[in-house]
Novice: 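One structure, as structure tokens, below. Some questions next.
Residues take their numbers from the sequence shown, with the count starting at 1. Since the structure is predicted, the reported quantities are computational estimates derived from the model, not experimental observations. Only heavy atoms go into these numbers, but all of them, side chains included; no hydrogens, no water, no symmetry mates.
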Amino acid sequence: MSEKIKEAVKKTTDSGIEIKELYNTLPDNFNVAEKPAEYPFTRGVQKTMYRERFWTMRQYAGFSTAEESNKRYHFLLGQGTTGLSVAFDLPTQIGYDSDHALADGEVGKVGVAIDSLKDIEILFDGIKLQDITTSMTINASGFILLAMYIALAKKQGADLSQISGTIQNDILKEYAARGTYIYPPKPSMRIITDIFEYCSNDLPKWNTISISGYHIREAGSDAVQELAFTLANGKAYLKAALDKGLDINVFAKRLSFFFNAHNNLFEEVAKFRAARRIWANITKELGATDVKAQMLRFHTQTGGSTLTAQQPENNIIRVTMQALAAVLGGTQSLHTNGFDEALSLPTEKAARTALRTQQIIANESGVADTVDPLAGSFFVENLTTELETAAWKLIEKIDAMGGSVAAIEQGFIQNEIARSAYEYQKKIENSEKIIVGVNKFQAKEEAQNDLFKIDEAVQKFQIDKLKKVKAERDNEKAKQLLTKLESVVRSSENLMPTVIECVEAYASLGEIADVLRKVFGEYQG
């Protein structure tokens, strides 16, 4: 075979790892005796994985007002979802109330608008927080939303030691990939470690952070970069908590991760397996001796950026493959995207189809019947090792810069993601990478008429509700507590107890965020 022909049939993963024509040996580090729930956890973090209990089936939902989102939650719970996952609108994510000038036109658009504890009370009306797990995708203002959730749990008479769920709370990826930050990196890290400390004592079952590779991948990274940048960020959080004097064997048990499931099925499976190995080594190196503190537990969401507006029904197939990769890779919970999300927020039909995708995989495919079903595959084991090796090289490069915070401040991580995104898009435009319905197999299509739209009246409704809350609360008490919060923020005292007091007095999200803006300033990226 000529060199030209050899080059023509060369195959690589989306991360550029070369795929051999045939695999007939296992990598040198393959350990046939390795068991699940044992270091380094390549095969999973639970001994029986899905044989006794399936992964948590979440559907990411939140739009318009708390009233409307509450209806969707009851719909999803009635359809068999086993955990809630809350999407917040942009003003909420960056600490602005619905009546702020910068919130104009964005209220309730990409998630639910939350201005005060009153909205959280409505959002979870008829839902006992002690009976469900809730994941909240919120970062810069995450400490306020967590405080509101705790305040509602207390009002419901729940035992806080039994409240379980996750708050994303991952600010480093905001600087690197997403942009919904408020405060500079150092004070933001202080907020995060305050949450670690508070929850270790008062909410022992709460996952205090969901370190997100998802948004890094959505911004354009490849699988190796998603692994390396996410786990390097995780390492930075570990070190910040250790510097605060926290016990890694306590707080590390409540750290979780959030990964993307992209299109290349085998690379994605290998990515999840490699992630557990790398994290086990990182935590052990930093002093973790408790097995549960060494485990990488993760939620997965299918790839939003892989959804196409063209031939949207094709997205059902994409989501199925991605969900399958997550399950074969050993995820602890999973969200499947609606097939129409490239066009609008998901309709009820799309949300139900997405949930049914998970239920069919769980109950009909057979892939949940045994632990780590692809273990021992020549291809998967070699790919796992190659991804791990490539990710370690990037992590070591970041370590040499001084860690993730320094790498972000120097623009390294952002530039690497941008370069990868550019290369991927170039391959699509050159048809080196085929996207069905986009650059090949196109079809004439009619306009979609059944899209989900947000009523523009939502903003006025939300502002009127906030005015009512402020008119009915004890304004003197709210003012005193906000003054107290400023004093706490200026000290080294943990801010969470005082933030909870503020939300219980119906201080608004914007008012609380502004106290910290006054002390910390805003990050100018």
Side-chain angles (χ1 to χ4, degrees), residues 11-15 57-63 72 75-76 79 81 85 87 109-111 214-215 217-223 226 259-269 271 300-328 334-362 364-365 367 420-454:
K11 300 285 185 180
T12 64
T13 69
D14 289 341
S15 299
M57 298 181 193
R58 299 189 186 279
Q59 285 307 115
Y60 186 50
F63 54 88
R72 177 65 66 92
F75 167 77
L76 289 170
Q79 295 296 314
T81 193
S85 188
K109 287 292 177 68
V110 299
Y214 183 84
H215 300 96
R217 192 64 175 275
E218 289 293 284
S221 81
D222 60 33
E226 182 188 354
F259 286 114
N260 196 303
H262 220 264
N263 281 337
N264 191 312
L265 189 144
F266 290 109
E267 182 171 47
E268 294 302 294
V269 173
K271 178 187 76 180
T300 311
Q301 181 173 339
T302 55
S305 62
T306 69
L307 302 177
T308 63
Q310 301 91 332
Q311 302 175 32
E313 296 84 359
N314 293 345
N315 294 326
I316 298 173
I317 312 302
R318 293 185 179 100
V319 168
T320 301
M321 289 192 301
Q322 293 163 7
L324 185 61
V327 172
L328 290 169
L334 177 62
H335 164 82
T336 34
N337 291 327
F339 66 84
D340 55 2
E341 287 190 56
L343 298 162
S344 70
L345 290 170
T347 57
E348 282 195 358
K349 177 183 177 181
R352 183 172 58 244
T353 300
L355 177 59
R356 293 289 182 259
T357 301
Q358 295 199 50
Q359 291 165 336
I360 290 168
I361 290 172
E364 298 184 27
S365 72
V367 297
S420 178
Y422 172 73
E423 291 297 330
Y424 188 79
Q425 184 61 33
K426 193 164 68 171
K427 286 178 181 177
I428 293 172
E429 291 176 6
N430 293 338
S431 294
E432 293 175 54
K433 181 78 181 172
I434 300 301
I435 307 296
V436 173
V438 176
N439 61 1
K440 199 168 185 180
F441 312 114
Q442 297 100 328
K444 188 176 181 181
E445 300 177 73
E446 294 180 5
Q448 298 284 321
N449 297 315
D450 56 347
L451 302 179
F452 189 93
K453 292 185 174 68
I454 300 297

Novice: Could you tell me which non-hydrogen atom of A351 sits nearest to which non-hydrogen atom of R72, and how far apart they are?
Specialist: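 Scanning both residues, the minimum pair turns out to be CB-NH1, 4.1 Å.
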Novice: As a quick check of understanding, evaluate side-chain contact (heavy atoms from CB on, under 4.5 Å) for N260 and T300, giving each step before the final call.
Specialist: CA-CA 6 Å; N260 196 303; T300 311; over 6 Å; no
Novice: Of all heavy-atom pairs between Q358 and H335, which one has the smallest distance, and what is that distance?
Specialist: NE2-CA, 3.9 Å
Novice: A354: what forms a side-chain contact (heavy atoms from CB on, under 4.5 Å) with it, not counting sequence neighbours?
Specialist: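 Only Q59, T336 meet the side-chain contact (heavy atoms from CB on, under 4.5 Å) criterion with A354.
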Novice: Can any side-chain N or O of N439 pair as donor or acceptor with the backbone N or O of I428 at less than 3.5 Å?
Specialist: yes
Novice: A side-chain contact here means heavy atoms from C-beta on lying under 4.5 Å apart; do R217 and Q301 qualify?
Specialist: no
Novice: When rounded to the nearest 0.5 angstrom, what is the spacing between CD in Q425 and CD in E429?
Specialist: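 Nearest 0.5 Å value for the CD-CD distance: 4.5 Å.
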Novice: Can any side-chain N or O of K426 pair as donor or acceptor with the backbone N or O of A421 at less than 3.5 Å?
Specialist: no
Novice: Do the charged groups of K349 and D340 touch, with an N to O distance under 4.0 Å?
Specialist: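 D340 and K349: not salt-bridged.
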Novice: With a 4.5 Å heavy-atom cut-off, do L343 and P312 have their side chains touching?
Specialist: yes
Novice: Considering all heavy atoms of both residues, which atom of F441 and which atom of Q311 are nearest to each other, and what is their separation?
Specialist: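 Looking at all heavy atoms of both residues, the closest pair is O-NE2, 2.9 Å.
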Novice: Could you tell me which residues satisfy ring pair (Phe, Tyr, Trp, His ring centres under 6.0 Å) with F266, sequence neighbours excluded, listed by chain and number?
Specialist: F379
Novice: Show me the side-chain donor-acceptor pairs of residues 302-309 shorter than 3.5 Å, one per line, residues at least two apart or across chains.
Specialist:
from	atom 1	to	atom 2	distance (Å)
T302	OG1	N337	N	2.9
T302	OG1	N337	ND2	3.1
S305	OG	E218	OE2	3.1
T306	OG1	G303	O	2.6
T306	OG1	Q322	NE2	2.9
T308	OG1	Q310	O	2.7
T308	OG1	R318	NH1	3.2

Novice: How many angstroms lie between OG1 in T12 and CG in D222, if you round to the nearest 0.5 Å?
Specialist: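 Between atom OG1 of T12 and atom CG of D222 there are 10.5 Å.
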Novice: Does E432 have any side-chain contact (heavy atoms from CB on, under 4.5 Å) partners at least two apart in sequence or in another chain, and if so, which?
Specialist: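 Partners of E432 under the side-chain contact (heavy atoms from CB on, under 4.5 Å) test: K427, N430.
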Novice: Would you please name every residue forming a ring pair (Phe, Tyr, Trp, His ring centres under 6.0 Å) with H262, sequence neighbours left out?
Specialist: none
Novice: My understanding is that only residues two or more places apart in sequence, or in another chain, count here; which of them pass side chain to side chain donor-acceptor pair (under 3.5 Å) with E364?
Specialist: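 E364: no side chain to side chain donor-acceptor pair (under 3.5 Å) contacts found.
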Novice: Verify, without hydrogens or angle tests, whether E226 (side chain) and S221 (backbone) share a donor-acceptor contact under 3.5 angstrom.
Specialist: no
Novice: Taking only residues two or more places apart in sequence, or in another chain, which ones meet T13 in a side-chain contact (heavy atoms from CB on, under 4.5 Å)?
Specialist: S15, I17, I19, N264, E267, L383
Novice: In chain order, what residues pass the side-chain contact (heavy atoms from CB on, under 4.5 Å) check against L265, with sequence neighbours excluded?
Specialist: V269, L324, A325, L328
Novice: Got a sec, which residues hit side chain to side chain donor-acceptor pair (under 3.5 Å) with Q79, two or more places apart in sequence or on another chain?
Specialist: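 Partners of Q79 by the side chain to side chain donor-acceptor pair (under 3.5 Å) criterion, ordered by chain and then number, come out as R356.
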Novice: So, using side chain to side chain donor-acceptor pair (under 3.5 Å) as the criterion, who are the partners of E423 when residues are at least two apart?
Specialist: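 So E423 forms no side chain to side chain donor-acceptor pair (under 3.5 Å) with any residue.
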Novice: Quick check: do F259 and E268 have side-chain heavy atoms less than 4.5 Å from each other?
Specialist: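 Not touching, per the 4.5 Å side-chain cut-off.
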Novice: Would you name the heavy atoms of A362 and M57 that are closest together and state the gap between them?
Specialist: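 Distance-wise, the nearest heavy atoms are CB-CE, 3.6 Å.
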Novice: Could you list the residues that satisfy side chain to side chain donor-acceptor pair (under 3.5 Å) with E445, not counting sequence neighbours?
Specialist: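 For E445 there are no side chain to side chain donor-acceptor pair (under 3.5 Å) partners, ignoring immediate neighbours.
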Novice: Give me the atom names and distance for the closest heavy-atom approach of K433 to D14.
Specialist: NZ-OD1, 2.8 Å
